[in-house]
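Worksheet: the structure to be examined is printed underneath.
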Amino acid sequence: MAELGQSATNYEAEVWSLEKAYWEYVKVNDLEKYRALWHEDFLGWPFINSAPVRKDHITDWITANTSKGIKLQSYSGNW
């Protein structure tokens, strides 16, 4: 059972690492690195879109905000 626990811990660390990278790329407006986090076949429905989008539009929400001069950032805390 220790192996299962260790694997879960490794997966959890990997997921949190990707989550941190996600917000770091948003914060510095690195659209290429942000886009690279997403699977090539991504299909999702971001809250700003009126219909589902593919990976080539995954950064639209960032651009929509930064084009208005809004600086995006992440917050950390003990959730």
Side-chain angles (χ1 to χ4, degrees):
M1 199 66 166
E3 288 179 18
L4 178 61
Q6 183 60 37
S7 294
T9 300
N10 290 342
Y11 288 132
E12 182 178 348
E14 182 179 357
V15 168
W16 279 114
S17 174
L18 290 169
E19 184 70 14
K20 285 174 66 174
Y22 174 106
W23 286 109
E24 282 302 312
Y25 300 153
V26 168
K27 186 168 61 173
V28 298
N29 199 31
D30 191 330
L31 302 181
E32 289 305 312
K33 285 185 180 177
Y34 178 85
R35 195 176 291 111
L37 292 171
W38 300 89
H39 190 278
E40 288 302 316
D41 296 328
F42 171 81
L43 177 64
W45 203 325
F47 69 93
I48 70 160
N49 295 88
S50 60
V53 298
R54 296 257 178 220
K55 182 177 178 174
D56 60 334
H57 288 280
I58 196 63
T59 59
D60 289 357
W61 74 274
I62 299 170
T63 305
N65 285 287
T66 57
S67 68
K68 297 174 188 171
I70 298 170
K71 183 171 172 30
L72 303 173
Q73 59 186 6
S74 62
Y75 296 93
S76 61
N78 295 327
W79 311 102

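Below, each value reflects all heavy atoms present in this structure, side chains not excepted, and no hydrogens, waters or symmetry copies. Along the sequence shown, residues are numbered consecutively beginning with 1.
With sequence neighbours left out, the side-chain hydrogen bond (donor to acceptor under 3.5 Å, both in side chains) criterion links Glu40 to Lys55. Evaluation of the side chain to side chain contact (heavy atoms under 4.5 Å, CB included) rule for Glu24 yields Lys27 as partners, not counting sequence neighbours.
Counting heavy atoms from C-beta outward, Leu72 and Ile62 have side chains that approach closer than 4.5 Å. Looking at heavy atoms from C-beta onward, Val53 lies in side-chain contact with Pro46 at the 4.5 angstrom threshold. For the pair Tyr11/Trp16, no side-chain contact is recorded, criterion being any heavy-atom separation below 4.5 Å from C-beta on.
In this structure, Ile58 is not a member of the same hydrophobic cluster as Leu43, with clusters built from ILVMFWY side-chain heavy atoms closer than 4.5 Å. Follow the hydrophobic side-chain contacts under 4.5 Å out from Trp38 and you never reach Trp45; the two are in separate clusters.
Note that the CD1 atom of Ile48 and the NE2 atom of His57 stand 11.0 Å from one another [nearest 0.5 Å]. Distance CG/Asp30 to OG1/Thr59: 11.0 Å, rounded to 0.5 Å. Of the inter-residue distances, the one linking Glu19 atom CD with Leu37 atom CG reads 9.5 Å to the nearest 0.5 angstrom. Rounding to the nearest 0.5 Å places CG of Leu18 at 14.5 Å from CH2 of Trp23. The structure places CG of Asp60 at 10.0 Å from CG of Leu31, a figure rounded to the nearest 0.5 Å. Distance check, rounded to the nearest 0.5 Å: CZ of Arg54 to CG of Asp56 gives 9.0 Å.
A donor-acceptor distance shorter than 3.5 angstrom exists from the side chain of Ser67 to the backbone of Ala64, with no hydrogens or angles considered.
The aromatic rings of Phe47 and Trp61 sit tilted, their planes meeting at an angle between 30° and 60°.
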